[in-house]
Amino acid sequence: MAKKVTKKKAKPRRTTVHESLTEEDRELIATVTARLKEKWDTEDAEKQQTMKKKLTKKDKARLAARRAEELKQAVEQERLRLIEEEKKRQEEERKAAIEKEIRDKVEQTIRLDQLADSCAYIRKLKRKYLKVEADSIARAEWEQYMKCDGLPDPSSCGQMNTYLHLWDKVKEETTIEQASTKSQEVLSLLEMLDDFLDCPAVSGKQKEEWLTVRNSFRTYQEYNLDCAAYRLLRDIHKHLNRVDIPTATYVREDQHFKICLWVLVQLPIPMPNPKKPPRPRTTLTFPELNLEILFPETMDIWAMCVRAMYVAYDHYSYMCRSYDAPGVPAELLQDLNEVTKCEWTEKLAAKSNARDAQPVQPEPVDVEDDTAVARRQREFIQVDASAIYIRMEDSQYAAYREQLFTQVTANEVNLRRYRIIGGVYYLSLIYQPPQPSTLVLQDITLSTLHLPKWLANVPFHIQYQPPAAPEPGVTRKPEEIEADLKKQEQEYDRLVYVTLALTSTVLWLDVPVVCQWDADRRIWSTENIHDVKHNEEKQIVQFRTGKFGPFAMALFKYSSMPYQAWEMKPTNDGRVIFTIMAAVLIIEFTVHQGEVCVSQLQNAPNDALDSIIGVYYKLAKLKRLLHRGGVDVFPAADAFCYTDGVCEKHWPMEHHLYYNMAQCAMYYNFSWSRWNLLAGRRRVVMQIREWSASERVKLPNYSMLMVTPLRALLVDCTEVSQTFTEQGVARMKFYSDLYHLITGISSISMKQKIQNAPADLVNTVAQLLDATRIPLRQHFVCFLTEIYHW
């Protein structure tokens, strides 16, 4: 029989003392042991010098036992000391938390009163502004009525539609002279209509009607110029100039457009001559447009017409889906009083939830272990409500940022990032319309009529596929590289080569992007633009295209961003000067009553904007004029999605701060600070000082101002300090915003002056600051050893 095998039971593994200890206990023992080891090493060294005999095993055992007991007592004393320190620290934190909570309640009471007062004043200012704007529209309507020039009132949709109806009846018979006159009328009406659309007092329904009328006028204006060109080509012998026997041209330069026609006149076709050399590539030069076109060898433009036209406006971009800015979330448009109320409520809720929270399955804790008990209590009692709210707010701002970003398709020009400036160029290859034939004997002219009476474009579309990039790590032979280059050059020769000198009516602060209008997709596209070259010194752009149509230059909107520095100061005659040092330009605005002018423009590459220097406009119109000239210092709500090196700020705080600054703009000098960029989203840091109108009085040094959504204070720091501190200056009281801070530290006379500041100037300055968004756009560009001062 087989023997029964019995397995021995494994003995349970003993748990050592060190394995049952917590990490904190191990650190405590290690600290005490290291301290005692130094003491013991010193004692051993002294004993070795005094004792002649070596220690016996019993002596060593007694010494080890004594030291173990000494270690145990030292560890216990250290543990008790740490427990006592922890209790003291908790008690101090508890008292500090109670004091902070009481202080927060007092500050919240003050904040509610002060912000309610400030926000009520801002709403009052805005109501006055809306009334002034409504009165200006009524005054413009009356002035247009008193002109008696036969033009409709742009604010009346009925009159504008009547004008379009009458125009529609005669548009097919438009001559080039009539087109010139009509363009002048239409563009002046559109300019007035843009002024009305920029008025915030206009209701939404009225604005929609005006937009519909404006779009109709823009469509008719394009049709107006096409009809005039068609009428010219209907009788080449009468309207065009014969350069030689086969060639005729036409040129007209107007205030708003330039048109050039080049025609190969239809002549009797001679007998084919096989010995005749092939016709060279056609090269056309239009000096009036600073334009040169080189056609490919394969293109025969016999009996065709080339139209090169330039218009000083852009009537296409409004049709793009990326033209209008995305809607700003309503939470970002609340006033600061409502936002701080919401923040206070959220913080109270966070504290309440944290205090009521209990662990679902609490871990077993030794009651005799005071350190563990204290640690467990601290985990549930201590709550940083501000940190919780800021994390929640940061996540909301990140979501808003994604919401404001506009996605576009491949080769589409994103008009949230770029702006079409410098007008639009039309390059068209057109079939010659039938020409009239004159019967001399009967004094009769016969002409074939093709319907519709419209310019017939020659179909031309060459697809160009760029060569594929070589695979990484693959070495090509020189013969292969030369063959690829030759093949690419042959493909380029199939395209139309265009050389264009950029217009001098624009400040080209960046390299433009050449784009073409895609009527089917209603976008500006770079799909058919290839081999673009830009000569920055001569301001010449060269490119190749496989398709005719409207072309334009797209310029990066925020090439002036981020701002390097800024300053705002009053003058002795009741004006306010606001200076911005942008990436290239230095722009000085002057605000007088309810209007703004560009008083200085430094470092401009040309004199494109000299005509508006020193001329006062409404802020909305001045923005349009600067945009047309290539200067954009007015970032939109989504600008931070397309720029780098900016410090986005808390929106309601930023908007509220601009109005506070505007209230004090006539009596205080504000300037940039290098600390602002690194201050974070919820802090704005700038310099401030009281302004004196007397030249004999020396201006005081700047004080450092820090503004948050919850308070405004002067901090104990300067522009040349080694580090930034949020500690307020001595005896600084609590103020919820800049207005109450300044009125609280100013004299009675200064406080009265600030309260009696002109409403139109305050509102205009606030709008200018809100449009430029100086804190959001400021960038730190000062040297370590030298700071630029204005």
Side-chain angles (χ1 to χ4, degrees), residues 118-147 151-161 188-217 318 323-330 332-336 338 576 589 591-597 615-627 634-637 651-652 654-656 658-660 662-663 665 757-773:
S118 296
C119 292
Y121 175 78
I122 293 174
R123 288 192 294 269
K124 181 181 177 181
L125 269 181
K126 292 181 178 179
R127 286 194 298 268
K128 286 185 178 180
Y129 171 69
L130 293 178
K131 185 178 183 305
V132 170
E133 289 298 311
D135 294 342
S136 67
I137 290 181
R139 186 166 56 253
E141 293 176 359
W142 176 252
E143 291 175 355
Q144 178 64 25
Y145 175 77
M146 294 301 294
K147 286 181 180 178
L151 295 179
D153 179 9
S155 63
S156 173
C157 294
Q159 294 184 29
M160 296 288 278
N161 287 325
S188 63
L189 291 173
L190 288 176
E191 186 70 19
M192 296 177 63
L193 195 55
D194 287 337
D195 292 339
F196 294 155
L197 286 169
D198 288 334
C199 177
V202 180
S203 63
K205 182 179 180 181
Q206 180 67 62
K207 185 170 291 187
E208 290 180 2
E209 294 177 354
W210 282 347
L211 288 173
T212 303
V213 170
R214 186 183 69 176
N215 298 343
S216 300
F217 265 73
Y318 76 94
Y323 179 74
D324 295 320
V328 179
L332 299 179
L333 301 179
Q334 292 179 326
D335 62 42
L336 189 58
E338 294 298 325
V576 174
F589 296 95
V591 182
H592 179 55
Q593 296 179 354
E595 295 182 325
V596 189
C597 81
V615 182
Y616 284 90
Y617 300 95
K618 291 290 186 181
L619 179 58
K621 185 165 186 177
L622 181 61
K623 288 170 60 176
R624 291 205 311 270
L625 295 176
L626 289 176
H627 286 165
F634 308 102
W651 286 46
E654 188 181 341
H655 181 74
H656 189 89
Y658 293 146
Y659 274 89
N660 289 167
Q663 289 177 267
D760 53 352
L761 184 137
V762 171
N763 200 79
T764 305
V765 171
Q767 288 184 356
L768 179 60
L769 295 175
D770 201 22
T772 54
R773 302 189 70 179

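The OG1 atom of T764 sits 11.5 Å away from the OH atom of Y616 when rounded to the nearest 0.5 Å. Remark: R127 CZ to I122 CD1 distance equals 12.0 Å, nearest 0.5 Å. In this structure, the separation between CG on D194 and CG on L189 is 11.0 Å, given to the nearest 0.5 Å. Taken to the nearest 0.5 Å, the CD atom of E209 stands 10.0 Å off from the OG atom of S156.
Here the side chains of L768 and V576 are not in contact, with every heavy-atom distance at 4.5 Å or above. Side-chain contact check for V762 versus Y121: some heavy-atom pair is nearer than 4.5 Å. Between L197 and R214 the shortest side-chain heavy-atom distance falls below 4.5 Å. H627 is listed as a side-chain neighbour of F634, based on a closest heavy-atom distance under 4.5 Å. By the 4.5 Å heavy-atom criterion applied to side chains, Q767 and V596 are not counted as neighbours. Between H655 and D770 the shortest side-chain heavy-atom distance falls below 4.5 Å. Between C157 and Q206, some side-chain heavy-atom pair lies under the 4.5 Å cut-off. Looking at heavy atoms from C-beta onward, Y617 lies out of side-chain contact with K623 at the 4.5 angstrom threshold.
Panel note: side chain Q159, backbone D153; a donor-acceptor pair is recorded below 3.5 Å.
Using a cutoff of 4.0 Å between basic side-chain nitrogens and carboxylate oxygens, R139 and D135 are not scored as salt-bridged. Between D198 and K618 no salt bridge is recorded (no basic side-chain N to carboxylate O distance below 4.0 Å).
For NZ of K207, the number of neighbouring non-hydrogen atoms (other residues, nucleotides, ligands) closer than 6.0 Å is greater than 12.
Of all heavy-atom pairs between E133 and P200, the closest is CG-CD, 4.2 Å. Residues V202 and F196 come closest through the heavy atom pair CG2-O, 3.3 Å.
Looking at residues two or more places apart in sequence or on another chain, you find no salt bridge (charged side-chain N to carboxylate O under 4.0 Å, His left out) involving K126. Scanning for salt bridge (charged side-chain N to carboxylate O under 4.0 Å, His left out) contacts around E595 gives an empty result, with sequence neighbours left out.
No hydrogens or angles considered: a donor-acceptor pair under 3.5 Å links the side chains of Y658 and E654.
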